[in-house]
Visitor: 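First the structure, which I've put down as C-alpha cells, then a few questions once you've had a look.
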Amino acid sequence: MSELGQEMKEQIPLTSNNDAEVIKAPVKTIKAVFKEQLKENILFLATIAAVVLGITIGFIIRQFFTFNDNQIAYFGFFGQLFLRMLKFLILPLIATSLISGIAGLGSNSAGKIAARALTYYFSTTMTAVIMGIILVVVIQPGAGKSSDVNQNYKLPIDTSKYVTTHDTLLDLVRNLFPDNIIEMAFREYETSFQPEYKYHLLYSNGTNRTLKFLPSGFTNSSELTIIKEFDYYKAVGGSRRSLNVLGIIVFCFVFGGVVASMGKEGEILVKIFEALNSCSVRMIKLVMMISPLGIFSLIVATVIEMRDPSQVFARISMYMVTVILGLAIHAFVILPTLYVVVTRKNVFKFAKNMFDALFIAVATASSTAALPTTFDCIEEKNKVNRLISRFVLPVGATINMDGTALYEAVAVIFIAQLNDRKLEFIDLVVTSLTATLAAIGAASVPSAGLVTMLIVLGALNLPTHQISLIYTVDWFLDRLRTTVNVWGDSVGAGIVDHLSRKEIEAIEIENKRHNENNEVNQNQEIISLENKANQV
C-alpha cells in the first residue's frame, strides 16, 4: 500500500505540472494576430482593393478619353481570361462534387435531401417573384414614361428572334435528358423557328391557286402574278453552344445513386471522384490567386463601357429603386428570417462567414465564378457538411435564381407600364409562373437574365425590343441579383444541412462502422499471411 501511495504522490505533481504547462501556453500578441488575419485574408483584401481601384481608374479614364468597342475590349482582356479559366473548371467541379456527394449520401438519403433542397429552391424563388410583382404594381416605375423608351443601344441578344413559352419549357425538359454524354459538355438542345410561307398564284384568266411550295420555274409574268404570304413559324429541333448544366446534374445524380447502390464494388469509384474533386478545387484555388487582376480588368472595362450613366439613372431611377428594394427585402428580411426560424442559429455570423463569396459574386456577376469560394465559405467557415454542400451548391447555382426571377418579373411589368398596358390578375399569375421557370433555365453567367426575359415578354405579348432601356443598367443590377442568388444558395445549404442532421449522423456512423470492419478484415488478412509465411 505504501508503495502504491508513493507512486500516486509522485504522479500527482506530474499531472498538475502538465496542466500548468497547458494553461501557460503562450498568448498571441495583437501584432501576431494581425499578421495571421492578414495572411488568411490577403486575397480578399486584394480583391476589395482591385474593385475600388478599378472603379476609380475607370471613371478617370472615361473622363479624359473616348474609346470604341474594340478598344474597350482590350481593357477587359485579363478579366476575360480569368472568367474563361473559371468556366473551364466548372464542369469538372460540378460533376465530381455531385457524384461524390450523392455516392457518399446513398440513394435513400440523397432522395430526401434532394426533396428538401428543391422545395426550398422553388418556394424561395416564387416568394421573390411575388415580392417583385407586389412592389412594381405598387410603385409603378413605368407609369407615364412611355416617351423614355430607348431603342438605340446595341444588345447582346437578338430581340427579333421568335420564341414561345411552351417550347422553351419543353426545351428545359429535353435538356434534362441529353442524348449524347459528350455533347452535353458543350451544347444544349434549343428549338428554333423558321418562317413558313404560302404562295398565291393569280392567273390572268381569273384562276387562283394557293400552294405551300412554289415549284421551280414559276416567276411573275404578264399571265401570272405570285404573292408570297407568311403562314406560320415551324419549330425545328437544334442546339446552341452552351454547357448543358441541367443534363449534367441529372446524369451525375443518377450516376452517383447507382455507385452508392453498388456497395463495396463502387468504393473505388467514390474514391476516384473524391480525388478528382479535390484536384478540381486545388486547380480553382490556383486560378483564384489571379482574381484581383481579373476583377480589376472587368471593373475598368465595365465602367468605361457605360453610356451616359447619370442620364440613364435619372431616366429609369424608379425602376432601379424597385428592383433594388425587392432584392434588399428578399436578401435582408425573407432569407435571414427563414434561416433563423428553421435552424435557430445566428444568421449574422453565417452571413459574415459568407462575405468572401458574396463579394466575388458582386465583382464577377457570375454564380459559377463564385461557386469555388462559396464551397470554401460554406464548408470551412460555416461548417456545413461536405456531403450536403456538394449536392446543394452546384444544383443551387443552376436552378436557384431568386434574384434573377425577381428582376425579370419587375422588368416585364415595367415594360408593360411603359406601353400603358393594364395587366389583369391572370397576367400577373402568368408572369410569376413564367419568371420562375425562366429563371431556372437561366445560365449562371453574366446577363443571362436578358435572354430568359424574352420568354416572359413573349408570354404577355409585350414588345421585346424595349429591353434596350433595361440593358443600360443591367451591368449594375446583374451584380446585385447574382449576389442575392449566391446568398440564397448559401442559406439553402445551411437550412438543408440542419434539416438533414439525422441522415448525416446515420451516414457517418455507417461509414465509421464500415471503416472499422475494413480495418479488422485487413488485420485478419495480414495475420493470415503471416501464419502462412511461418508455416512455410
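Quick note: numbers below take in every heavy atom, side chains included, and nothing from hydrogens, waters or symmetry partners.
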Visitor: Could you tell me whether a side-chain N or O of N485 sits under 3.5 Å from a main-chain N or O of D402, the two making a donor and an acceptor?
Guide: yes
Visitor: List the atom of G101, the atom of L387, and the distance in Å for their closest heavy-atom pair.
Guide: O-CD2, 4.1 Å
Visitor: Verify, without hydrogens or angle tests, whether S297 (side chain) and L293 (backbone) share a donor-acceptor contact under 3.5 angstrom.
Guide: no
Visitor: Side chain to side chain contact (heavy atoms under 4.5 Å, CB included) between L135 and V410: does it pass, once the steps are laid out?
Guide: CA-CA 8 Å; L135 289 175; V410 173; 5.7 Å; no
Visitor: Apply the side chain to side chain contact (heavy atoms under 4.5 Å, CB included) test between N244 and each candidate in N175, I249, L176; give the one that qualifies.
Guide: N175
Visitor: Got a second to check how far I284's CD1 is from F375's CZ, nearest 0.5 Å?
Guide: 8.5 Å
Visitor: Mind checking whether L338 and I495 have side chains closer than 4.5 Å, heavy atoms only?
Guide: yes
Visitor: Has Q194 got more than 12 heavy atoms of other residues, nucleotides or ligands less than 6.0 Å from its CD?
Guide: yes
Visitor: Any side-chain to backbone donor/acceptor pair from Y120 onto G488? Under 3.5 Å, distance only.
Guide: yes
Visitor: Taking the side chain as everything from C-beta on, heavy atoms only, tell me whether Y407 gets closer than 4.5 Å to V484.
Guide: no
Visitor: Answer yes or no: is there a donor N or O on one side and an acceptor on the other, between the side chain of H330 and the main chain of M131, under 3.5 Å?
Guide: no
Visitor: In terms of heavy-atom contacts, does CZ of F332 have more than 12 from other residues, nucleotides or ligands at under 6.0 Å?
Guide: no
Visitor: Using 30° and 60° as the class limits, which term best fits the ring planes of Y197 and F230: parallel, tilted or perpendicular?
Guide: perpendicular
Visitor: Any heavy-atom pair between the side chains of K345 and V347 that's under 4.5 Å?
Guide: no
Visitor: Any side-chain to backbone donor/acceptor pair from R479 onto V362? Under 3.5 Å, distance only.
Guide: yes
Visitor: For E380, is there an ion pair with R386 - N to carboxylate O distance below 4.0 angstrom?
Guide: no
Visitor: Please lay out, stage by stage, how T210 and E229 fare under the test side chain to side chain contact (heavy atoms under 4.5 Å, CB included).
Guide: CA-CA 10 Å; T210 300; E229 182 185 0; over 6 Å; no
Visitor: Measure the CG-CD1 distance between L81 and I290 for me, rounded to the nearest 0.5 Å.
Guide: 7.5 Å
Visitor: List the atom of I299, the atom of V51, and the distance in Å for their closest heavy-atom pair.
Guide: CG2-O, 4.0 Å
Visitor: Between R174 and D179, is there a side-chain N and carboxylate O pair less than 4.0 Å apart?
Guide: no
Visitor: Does the pair N277 and S100 meet the rule for a side-chain hydrogen bond (donor to acceptor under 3.5 Å, both in side chains), with working shown?
Guide: CA-CA 8 Å; N277 180 252; S100 59; 4.9 Å; no
Visitor: Kindly compute the distance separating CZ (R116) from CG (D497), expressed to the nearest 0.5 Å.
Guide: 10.5 Å
Visitor: For D489 and S367, which I'm curious about, is there any donor-acceptor pair between the side chains at under 3.5 Å?
Guide: no
Visitor: Would you check if V258 and F253 make a side-chain contact, meaning some heavy-atom pair closer than 4.5 Å?
Guide: no
Visitor: Can you find a pair of side-chain heavy atoms, one from F82 and one from S291, that are under 4.5 Å apart?
Guide: yes
Visitor: Nearest 0.5 Å, what's the CG-OG distance between L335 and S490?
Guide: 10.0 Å
Visitor: I'd like to know whether the aromatic ring centres of F255 and F273 sit less than 6.0 Å apart in this structure.
Guide: yes
Visitor: If you count the non-hydrogen atoms of other residues, nucleotides and ligands that lie under 6.0 Å from OH in Y232, is the total more than 12?
Guide: yes
Visitor: Do the side chains of F193 and K234 get nearer than 4.5 Å, heavy atoms only?
Guide: no
Visitor: Identify the two heavy atoms, one from V129 and one from S432, that lie closest to each other, and give their separation to 0.1 Å.
Guide: CG1-CA, 3.3 Å
Visitor: Do the side-chain N and O atoms of N382 and N353 include a donor-acceptor pair separated by under 3.5 angstrom?
Guide: yes
Visitor: Between I415 and N419, what is the shortest heavy-atom contact and its length?
Guide: O-ND2, 2.7 Å
Visitor: In terms of side-chain heavy atoms, does S239 have a donor or acceptor partner in E190 at a distance below 3.5 Å?
Guide: no
Visitor: Tell me, do T322 and F414 make a side-chain contact under 4.5 Å, heavy atoms counted?
Guide: no
Visitor: Under the salt bridge (charged side-chain N to carboxylate O under 4.0 Å, His left out) criterion, do R481 and E408 qualify, and how do the steps go?
Guide: CA-CA 10 Å; R481 66 176 183 258; E408 290 182 352; over 6 Å; no
Visitor: Flag yes if more than 12 heavy atoms outside M283 fall under 6.0 Å of its CE atom; otherwise flag no.
Guide: no
Visitor: So does E274 get a backbone contact from the side chain of S278, meaning a donor-acceptor N/O pair under 3.5 Å?
Guide: yes
Visitor: Where do L371 and I94 land on the side chain to side chain contact (heavy atoms under 4.5 Å, CB included) test, with the steps shown first?
Guide: CA-CA 9 Å; L371 188 58; I94 290 178; 4.2 Å; yes
Visitor: If I take atom CD1 from residue I90 and atom CD1 from residue I248, how far apart are they, to the nearest 0.5 angstrom?
Guide: 10.5 Å
Visitor: Tell me if a side-chain donor or acceptor on N180 pairs with a main-chain N or O of I182 at a distance below 3.5 Å.
Guide: yes
Visitor: Any heavy-atom pair between the side chains of V136 and P141 that's under 4.5 Å?
Guide: yes
Visitor: Between C377 and D356, which heavy-atom pair has the shortest distance, and what is it?
Guide: SG-CB, 3.8 Å
Visitor: If you draw the axis of the six-membered ring of Y199, does the NZ or CZ of K228 fall within 45° of it and under 6.0 Å from the ring centre?
Guide: no
Visitor: Which value, rounded to the nearest 0.5 Å, describes the distance between T373 atom OG1 and I378 atom CD1?
Guide: 12.0 Å
Visitor: Does T343 form a side chain to side chain contact (heavy atoms under 4.5 Å, CB included) with L499? I'd like the steps, not just the answer.
Guide: CA-CA 8 Å; T343 66; L499 296 177; over 6 Å; no
Visitor: When you measure from the side chain of T124 to the backbone of Y121, do you find a donor-acceptor pair of N or O atoms at a distance under 3.5 Å?
Guide: yes
Visitor: Could you pull out the closest heavy-atom pair between V496 and S500, with the gap in Å?
Guide: O-OG, 2.7 Å
